[in-house]
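Remember, predicted model here, so these are calculated numbers, not experimental data. As the structure lists them, so they are numbered: ligands from 1, and atoms in each ligand from 1.
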Amino acid sequence: MHGNLIGGQWCEASEVSENINPSDTRELVGLYARGGREDAERAVSAARAAFPAWSQSTPQFRHDILARAAQELATRKEELGRLLSSEEGKTLPEGVGEVGRASSVLSYMAGEALRVTGDRIAGLLAGSDVEVTREPLGVVGVVSPWNFPIAIPAWKIAAALAFGNTVVFKPAEIVPGSAWALVDILHRAGLPEGVLNLVMGSGSQVGGVLCSHPGVDAISFTGSVATGRRIAMDCVSGPVMKRMQLEMGGKNPLVVLDDADLDLAVECAVQGAFFSTGQRCTASSRFIVTDGIHDRFVRAVIERLKGLKVGHALEAGTHIGPVVDEKQLNVDLSYIDIGIKEGARLAWGGKPLDLPTPGFYLQPALFTEVDSSMRIACEEIFGPVATVTRVKNFDEALSVANATEFGLASGICTTSLRHATHYKRHAQAGIVKVNQATSGLDYHLPFGGRKASSYGPREQGQYAVDFYTVIKTAYTSA
Ligand code: UN1
């Protein structure tokens, strides 16, 4: 049984949860503690108690711990990638790649611990000097999703720790294995007790405590809009409002113009929409395609989909692993049904697959003749389902791309500098990609969206410091 880490001690919980492999539901990946409210409260106290010393620790000390953990992740990336793919269902290369990314995030953030800067500014009174410095926030609650079981926790926790905060971490319930491994590695890398606490358990219990407890100063969350909204309400309801960083949904467009390189556009579309089983908030789920290339694009995407193998995540040759669990599979299937009822044409796939191992397998689904007001073109599905909407020209493409409540990533395939430049300026999204898939991001760059997709400062890269520190303005007359 894998326990929770509270105040430097591995603890059992009153309940245990089974971590099941979505590629083969007969396989138990492991048993994990399922903590409750009391565990979360103890973890918050431990994180509070650890904060004074950790926040005053040297940047070198924090750097070395993160760097050591990065090294261990890199050394064990095959083994941990296997664990990740076993619990989440992304393919083995995707799983190993994600562990490598977590390692890179940790070494990048180790460096950021050394690079915190401030300003010295002349005050307006004679002889007054002003220093503007950054201080750690305090205790940060990290609430992470199931689709990137190690990379997202790594980029939140590493930034929190690098800048001197202590952490209570609540991973998504269905992928506790990668979270546990990450915490174990950081713990053994030398974190003092209570600096990083792990409480596996439900959102309503453990998450509920973190978001309402007066001992927590900030919440960094990635997940659905509905959960984000509940978290936001909890975070502002106490006597002191918590700082929040909420990364939520997307309904990301990929525009394909007549002048696009067709092969490249197909690659961007298929990569962006279907790899990782479409389970990324940055996935392109809406292809918006101009008339002159539309039919060729649809034919070529279908040809490419025909060549993709849906299968067991650990099997060599699998391109698309299973959906993460039965609940998500049912959501995907219900949207496929909705699309058909709305009058869109299911041009390819969309059927559950019976494979030798019992798992949640689904053929990637492509809908054509999709009107941009249909539910399948407006609501986030979070599965391997994409829609094609035909448009007359660039102007219509841009306006359809922006006509969504979301604003995370937005892509265009074109060889026209004029259109690419105009799109970069006018896409209402936090991330714009030209001739690249909307998903797949660099770990050293700021990440976040606009509109309903995000709330609060950016994550990752140099900009992460804005969320994880508070600014102090000190006036001195000597
Ligand atoms: C990526 O596309 O590489 O949950 C990262 C998500 C995002 C991260 C996407 N927060 O899908």
Should [X] be counted as touching ligand 1, given the test is an N or O pair under 3.5 Å?
X      : result
Pro145 : no
Gln279 : no
Ile152 : no

Identify the protein heavy atom lying closest to [atom], giving its residue, its atom name and the separation to 0.1 Å.
atom                    : answer
atom 10 (N) of ligand 1 : Cys281 SG, 3.1 Å
atom 2 (O) of ligand 1  : Thr282 OG1, 2.6 Å
atom 8 (C) of ligand 1  : Trp155 CH2, 3.8 Å

message: Within the 4.5 Å heavy-atom criterion, are Thr222 and Glu459 side-chain neighbours or not?
response: yes
query: Can you check whether Arg134 reaches Phe163 side chain to side chain, under 4.5 Å on heavy atoms?
result: no
- request: State which residue, out of Leu186, Leu5, Val183, fulfils the side-chain contact (heavy atoms from CB on, under 4.5 Å) condition with Leu191.
  value: Leu186
Which ligand 1 atoms, with their elements, are less than 4.0 angstrom from a heavy-atom of [X]?
X      : value
Gly440 : 1 (C), 2 (O), 3 (O)
Ser439 : 2 (O)
Asn147 : 4 (O), 6 (C), 11 (O)

task: Could you label the plane-to-plane angle of the Phe297 and Phe287 rings as parallel, tilted or perpendicular, counting under 30° as parallel and over 60° as perpendicular?
output: perpendicular
query: Parallel, tilted or perpendicular: which describes the rings of His419 and Phe394, with under 30° parallel and over 60° perpendicular?
result: parallel
task: May I ask you to decide whether Asp234 forms a salt bridge with Arg230, counting only side-chain N to carboxylate O separations under 4.0 Å?
output: no
query: Taking 4.0 angstrom as the limit, do Glu79 and Arg82 come out as a salt bridge?
result: no
- prompt: Taking non-hydrogen atoms only, is Phe382 closer than 4.0 angstrom to ligand 1 via side chain, backbone, both or neither?
  reply: neither
query: Side chain or backbone of Arg101 under 4.0 Å from ligand 1, or both, or neither, by non-hydrogen atoms?
result: side chain
message: So for Phe275, does at least one of its heavy atoms come nearer than 4.0 angstrom to any atom of ligand 1?
response: no
task: Answer yes or no on whether Arg101 is positioned over the face of Phe148, meaning its NZ or CZ is under 6.0 Å from the six-membered ring centre and within 45° of the axis.
output: yes
